[in-house]
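Report on the following structure.
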Amino acid sequence: MLAVLGFATLGSFMLLVMRKYLSAFTAIMLTPIAAALIAGKGTKLGDMIMNGLETVAPTAALLLFAVLYFGLMMEVKLFEPLCQAIVRASKGDPVRIVVGTAVLALLVALDGDGTTSYMIICSAFLPIYRRLGMNPLVLATLAAMALGTISGTTPWGGASTRGISVLHLSATEYFVHMIGPMALTSLAIVAVAYWLGLRERSKIDPEKLANYKLEIASGEAFEPVKADWRMWFNAALTLLLMALLILEVADLLVLFMVAFVIALLVNIRGIGDQQDLIKRQAANAVPVMILVLAAGVFTGIMTDSGMIKAMADAALAVVPDSMGNLIPLVTAVLALPLGFFMSNDAYWFGVVPVLAESAAHYGIDANEIARAGAIGQILHMMGPTSAPLWVLLGLIKAELGDFQKHALRWGIPVSAAYIVFAVITGAISVT
């Protein structure tokens, strides 16, 4: 009963959002609440919601200060020189721009933090996309796939860190076998970027594109940027922030709070001007925060009601004992829908240990289950419980349903290719 109700809740949410019957904020709260009432768990609804909110509250606070920090950096044009360098290198060719988006997204995803990655990608490329009239959903799709592939599976990334810790694995042993499939999947993302670039090139008016290329060649396409001491300070502060994030010197929230205060004092001295900046950036930060909190409601109800565990058990029950050796492959396939709808905490701490325990009965190492589970991170980055996704959608001014319609048509094939690469390279076995 709970499994059926869980799958029905997920399907209802997708239908409501993608058909635009409800906004993402309302759908992500109403569907699990309705499911909990149907399951007869209405008396526990308050506790389940609070548990979910407690889980995502630190993330919501982190996103608030990350949006404020990078919003300030964008206003002071810190990333403008990088943007101009990319445009010059691309010579205004949409194919090169889109491929460059994918390559940069794969590189910056190595820092392990989704919000930071999306901020950098959008700062560098979004003005170019808007200038040429290119679809920003292309940028968002490539950024999400890159983050899911790289940050989702490196030992310092949030997802694999959870898997390594909960299953008590060796980070080295886990990661060495993931290098091959990650590299091949990265190439697949670049190939998708090339195809999307060709499509974008065909949509742009040739005369407009030719004029823009002439502007780039003559230098008229750019506004001069003065590299004063504040810009150098901002660059140094941002690089230091990235280094501290990677080294995990302190909690991400603390680092972004301190960095924002320092940047605010250096770049905007007047108290009134500081308040005006915060008000301007609140238009981007507040929608992100309320959606993350709503996703916490979704996660809390789905997890505490037992629907998530029931769904995982029901999926495992389909696998007959004679095919127990295929549990890693089944895990990889299950990781796609479960990762899409579930928060990383609920998935890695609630579902993956159950799968690992089942696999142990067949002599399958927990490392394989962790690697198979990580494959779903590509679709997780496109799902409603991915907190950085709401930042990305806020930056490109897109609705969740529009993004998912575009992203899933590429994310699902790339995820399927990731599974194939993992099997071929031996990251997960099927023997």
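Predicted model, so just to flag it, every value in this text is computed and none were measured. The figures that follow rest on heavy atoms only: side chains count, while hydrogens, waters and symmetry mates do not.
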Completion exercise
One should read off an interatomic distance between Leu237 CG and Met73 CE, to the nearest 0.5 angstrom, of 6.5 Å

Problem - Contact summary for Ala102 and Ile189, nearest pair of heavy atoms - result: CB-CG2, 4.3 Å

Problem - Nearest heavy atoms of Phe125 and Ile97, plus distance in Å - result: CE2-O, 3.5 Å

Handout entry: Non-hydrogen side-chain atoms of Thr31 and Phe298 separated by less than 4.5 Å
Key = yes

Problem - Main-chain N/O of Gly373 paired with Thr331 side-chain donor or acceptor, under 3.5 Å - result: no

Problem - Full working for side chain to side chain contact (heavy atoms under 4.5 Å, CB included) between Val261 and Phe65 - result: CA-CA 10 Å; Val261 170; Phe65 284 97; 6.0 Å; no

Problem - Pairs touching residues 261-279 that satisfy side chain to side chain donor-acceptor pair (under 3.5 Å), sequence neighbours left out - result: Asn234-Asn267

Problem - Approximate separation, where rounding is to 0.5 Å, of Thr141 OG1 and Asn135 CG - result: 8.0 Å

Completion exercise
Heavy atoms of Leu45 and Ala36 approach each other most closely as CD1-CB, 3.6 Å

Problem - Candidate pair Met257 and Tyr69, rule side chain to side chain contact (heavy atoms under 4.5 Å, CB included), full reasoning - result: CA-CA 8 Å; Met257 286 181 69; Tyr69 179 83; over 6 Å; no

Exercise for the section: Taking Arg201 for its side chain and Asp93 for its backbone only, find out whether a donor-acceptor pair lies under 3.5 Å. Expected result: no

Problem - Side-chain donor/acceptor of Arg199 to backbone N/O of Trp195, under 3.5 Å - result: no

Completion exercise
Distance col, row Met182:CE vs Thr149:OG1, nearest 0.5 angstrom, shows 7.5 Å

Handout entry: Exercise: identify the closest heavy-atom pair between Met382 and Leu400
Key = O-CD1, 4.5 Å

Practice task
May I ask you to test the Ile419-Leu336 pair for a side-chain heavy-atom distance under 4.5 Å?
Solution key: yes

Problem - 4.5 Å side-chain heavy-atom contact, Val266 and Trp229 - result: yes

Handout entry: Greater than 12 external heavy atoms within 6.0 Å of Leu265's CG
Key = yes

Exercise for the section: Search all heavy atoms of Ala35 against all heavy atoms of Met307 and return the closest pair with its distance. Expected result: CB-CE, 3.9 Å

Practice task
Return yes if some donor-acceptor pair links the side-chain N/O of Asn367 with the main-chain N/O of Ala370 below 3.5 Å, else return no.
Solution key: no

Exercise for the section: Tell me, please, which residues at least two apart from Ala105 pass side chain to side chain contact (heavy atoms under 4.5 Å, CB included). Expected result: Ile121, Ala146

Exercise for the section: Not counting sequence neighbours, which residues clear side chain to side chain contact (heavy atoms under 4.5 Å, CB included) with Ala422? List them please. Expected result: Pro181, Ile375, Ala427, Ile428

Handout entry: Side-chain heavy atoms of Pro384 within contact of Gln404, under 4.5 Å
Key = yes

Fill in the blank from the handout: When rounded to the nearest 0.5 Å, the distance separating CZ of Phe260 from CG of Leu64 is 8.5 Å

Exercise for the section: Inspect the surroundings of CD in Glu399 and state if more than 12 heavy atoms from other residues, nucleotides or ligands are less than 6.0 Å away. Expected result: no

Practice task
Quick one: do Met119 and Leu395 satisfy side chain to side chain contact (heavy atoms under 4.5 Å, CB included)? Show the steps, please.
Solution key: CA-CA 8 Å; Met119 288 286 190; Leu395 290 169; 3.8 Å; yes

Problem - Sidechain N-carboxylate O distance under 4.0 Å for Glu200, Lys203 - result: yes

Problem - Residue pair Pro388 / Tyr118: nearest heavy atoms and the distance that separates them - result: O-CD1, 3.3 Å

Practice task
Take Val95 and Tyr194 through the test side chain to side chain contact (heavy atoms under 4.5 Å, CB included) and record every step on the way to the result.
Solution key: CA-CA 6 Å; Val95 176; Tyr194 181 79; 3.5 Å; yes

Fill in the blank from the handout: When rounded to the nearest 0.5 Å, the distance separating OG of Ser415 from NE2 of His380 is 12.5 Å

Handout entry: Flag side-chain contact, heavy atom, 4.5 Å: Met145 against Val192
Key = yes

Exercise for the section: Would you indicate whether the side-chain heavy atoms of Thr185 and Ile378 approach each other to under 4.5 Å? Expected result: yes

Problem - Validation row: Ile28, Val297 side chains within 4.5 angstrom (heavy atoms) - result: no

Problem - Polar contact flag, side-chain donor to acceptor under 3.5 angstrom, Thr153-Tyr174 - result: no

Problem - Heavy-atom side-chain proximity of Leu184 to Thr425 below 4.5 angstrom - result: yes

Exercise for the section: Please round to the nearest 0.5 Å and tell me the distance separating atom CE of Met134 and atom CG of Leu139. Expected result: 8.5 Å

